[in-house]
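All residue numbers in this chain count up from 1 along the given sequence. Since this is a predicted model, take the numbers as computed values, not measurements.
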Amino acid sequence: MIRFSRFVLAGVTAMLIVAPGFARADLKEVEAAAKREAQLTWYVASIDAKNAEKAGRVFTQKYGIKVDIVRAPSQIMYQRLEQDLSQSTGNADVFSSVDVGNFVTLKKNGSLLAYKPEAVAQIEPAFRDLDPDNFFHATLASIIIIAYNNQKVKPEDAPKSWSDLLDAKWKGKIALGHPAYSGFAGNWAAQMSKLYGKTYFEKLEVLQPQVGRSLFDAINLVSSGERLVTASPIAPILESADKGNPLTVQYPTEGAILVLTPSGIVKNAPHPNAARLFMEFMLGAEFNKILAEAHYETMRSDVKPLPGAKPISEIKVIRPTIDDTTVGIPAVAELWRDLFGQ
């Protein structure tokens with residue numbers, strides 16, 4: 001009977017907090033109801049296990065709410081959530097994935113709960129309004145930049161733009177990820193297609209880049225000096241440089257590619273108010289400090305990046321649309337296979 005009463009109370013609170021223009025007092029209601037629920041389950045594919053566990057601990061210390069973390073790659077985590085939904089099983093409260101297409105499908109199927117965190121107003125404009133209907137929000141981001149081996153490439157000789165990668169001097173010296181396997185590589189390739197069309201890849205193919213499934217393979221090749229330049233998310237480049245590897249970041253003149261990673265509340269979440277509070281937390285300062293320490297982008301002006309990276313407000317960025325990702329990546333992956341035979 002006690003469990004049933006809590007469920008009813010959570011439902012009443014939910015009706016209060018999703019009303020348009022809810023005030024700060026309503027967020028206090030969310031927190032109070034979340035503490036009564038006392039726990040939540042986070043299906044997460046957008047961040048590594050170490051930092052996910054760290055985020056869970058910080059949230060628990062702040063609110064006294066237990067966070068059960070289920071961590072797997074994006075498509076595995078999504079398949080698990082789909083299985084839950086097909087069986088009408090409420091296991092997950094919050095879902096986070098690198099693949100924005102997951103959220104487009106979940107929204108279309110009515111599997112997400114609309115909620116606009118109050119903390120959205122406190123993040124940088126570049127990270128807002130991923131979904132105007134508020135079924136999912138960007139809670140983590142990285143930018144794709146150019147990186148080069150600074151022991152073998154002088155700063156004045158390094159590529160300054162995405163088009164500079166097509167210079168003949170880089171023949172046999174480029175390492176890349178495959179857009180059909182790497183989400184970041186897919187975002188990069190989709191934007192190159194949008195900026196320059198098919199001819200970009202035709203010219204790139206002549207330069208004989210070494211293509212691996214993972215961008216981490218490309219980073220290792222450039223770090224070792226086997227290849228000299230790559231297109232990569234900035235976080236693993238800076239992490240590798242911290243370990244003493246000879247890697248330098250170059251922000252392309254056309255713009256670094258901003259990849260937004262969403263999170264959303266599952267509609268049949270067993271702990272809906274704890275889920276709402278966790279969405280607020282992921283847009284807050286504590287979570288963004290965890291991201292900054294892992295070299296992801298900070299989404300708030302009051303959390304500064306570590307040395308070696310610029311705040312997003314100082315970077316020219318290209319922000320892909322949802323169609324760029326959900327339509328553009330599959331299309332460019334097919335084009336890639338036709339040209340590179342992989």
Side-chain angles (χ1 to χ4, degrees), residues 42 44-59 69 71 73-74 77 94-100 103 117 119-120 122-128 130 136-147 177 182-188 214-216 218-219 230-243 245 247 249-252 255-264 278-320 325:
W42 184 20
V44 55
S46 59
I47 193 170
D48 62 277
K50 180 183 74 173
N51 284 296
E53 294 284 351
K54 184 176 181 180
R57 288 194 301 272
V58 171
F59 183 79
I69 294 170
R71 170 69 176 85
S74 291
M77 202 74 272
V94 177
F95 174 61
S96 302
S97 170
V98 175
D99 188 347
V100 69
F103 294 87
V120 164
Q122 299 162 13
I123 65 173
E124 293 283 353
F127 302 110
R128 300 177 194 167
L130 185 60
F136 53 89
H137 300 273
T139 52
L140 183 147
S142 189
I143 56 170
I144 303 173
I145 45 76
I146 295 169
S182 166
F184 283 108
N187 274 279
W188 171 77
S214 169
L215 277 173
F216 291 101
I219 294 167
T230 187
S232 169
I234 195 171
I237 294 294
L238 295 179
E239 183 179 20
S240 183
D242 284 348
K243 296 175 181 177
N245 291 316
L247 295 172
V249 166
Q250 179 69 49
Y251 296 91
I257 299 168
L258 178 61
V259 180
L260 301 180
T261 298
S263 297
F278 195 70
M279 290 292 293
E280 298 280 356
F281 170 77
M282 286 194 287
L283 298 177
E286 295 98 335
F287 186 67
N288 273 265
K289 287 176 182 177
I290 294 169
L291 298 182
E293 289 169 0
H295 289 299
Y296 291 98
E297 298 307 302
T298 62
M299 300 174 66
R300 299 170 57 101
S301 62
D302 56 349
V303 179
K304 303 302 180 184
L306 296 182
K310 298 179 181 180
I312 197 71
S313 59
E314 297 178 10
I315 303 169
K316 181 180 179 181
V317 298
I318 300 168
R319 176 177 164 173
T325 303

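Residues satisfying the side-chain contact (heavy atoms from CB on, under 4.5 Å) criterion with Ala241, sequence neighbours excluded, are absent altogether. Lys50 meets the side-chain contact (heavy atoms from CB on, under 4.5 Å) test with Asp48; sequence neighbours excluded.
Between Pro320 and Ile257 the shortest side-chain heavy-atom distance falls below 4.5 Å. Val249 places a side-chain heavy atom less than 4.5 Å from the side chain of Leu238. The side-chain heavy atoms of Val259 and Ile143, taken from C-beta on, include no pair separated by under 4.5 Å. Residues Ile234 and Tyr251 are in side-chain contact: their nearest non-hydrogen atoms beyond the backbone lie under 4.5 Å apart. Side-chain contact between Val120 and Leu283: present, with at least one pair of heavy atoms (C-beta onward) separated by less than 4.5 Å. For the pair Leu291/Ile47, a side-chain contact is recorded, criterion being any heavy-atom separation below 4.5 Å from C-beta on. Between Ser97 and Phe103, some side-chain heavy-atom pair lies under the 4.5 Å cut-off. Side-chain atoms of His295 and Glu239, non-hydrogen and from C-beta on, do get closer than 4.5 Å to each other.
One finds the CG atom of Asp242 at 11.5 Å from the CD1 atom of Ile237 (value rounded to the nearest 0.5 Å). Between the CZ atom of Arg57 and the CD1 atom of Ile290 there is a distance of 8.5 Å, given to the nearest 0.5 Å. Residue Ile123 holds its CD1 atom at 4.0 Å from CE of Met299, rounded to the nearest 0.5 Å. Of the inter-residue distances, the one linking Ser240 atom OG with Asn245 atom CG reads 3.5 Å to the nearest 0.5 angstrom.
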Between Ser96 and Ser263, is a side chain to side chain donor-acceptor pair (under 3.5 Å) present by the stated rule, with each step listed? CA-CA 4 Å; Ser96 302; Ser263 297; 2.5 Å; yes
Evaluate side chain to side chain contact (heavy atoms under 4.5 Å, CB included) for Val44 paired with Ile69, printing each intermediate quantity in order. CA-CA 7 Å; Val44 55; Ile69 294 170; 3.7 Å; yes
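Panel note: side chain Arg128, backbone His137; no donor-acceptor pair is recorded below 3.5 Å.
Here the two rings, on Phe136 and Phe95, have centers that are 6.0 Å apart or farther.
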Per-pair distances, 0.1 Å, donor-acceptor, side chain in residues 302-316, under 3.5 Å, sequence neighbours excluded:
from	atom 1	to	atom 2	distance (Å)
Asp302	OD1	Arg300	NE	3.0
Asp302	OD2	Arg300	NH2	3.0
Lys304	NZ	Ser301	O	2.9
Lys316	NZ	Thr253	O	3.3

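We find that Glu293 and Lys54 are joined by a salt bridge, their nearest charged nitrogen and carboxylate oxygen being less than 4.0 Å apart.
Relative ring orientation between Phe278 and Phe59 is described as perpendicular, the plane-to-plane angle rising above 60° on a 0-90° scale split at 30° and 60°.
Residues Ile318 and Gly255 share a closest heavy-atom pair of CD1-O, 3.7 Å. Phe127 approaches Leu260 most closely through the heavy-atom pair CD2-CD2, 3.5 Å. In terms of heavy atoms, Ala231 sits closest to Ile144 at C-CG2, 4.3 Å. Scanning both residues, Pro236 and Ser232, for their nearest heavy atoms gives CG-OG, 4.2 Å. The shortest heavy-atom contact between Phe287 and Met282 is CD2-O, 3.1 Å. Of all heavy-atom pairs between Ser142 and Tyr296, the closest is CB-CD2, 4.5 Å.
Using modelled atom types and a 3.5 Å distance limit, the side chains of Asn288 and Thr298 yield no donor-acceptor pair.
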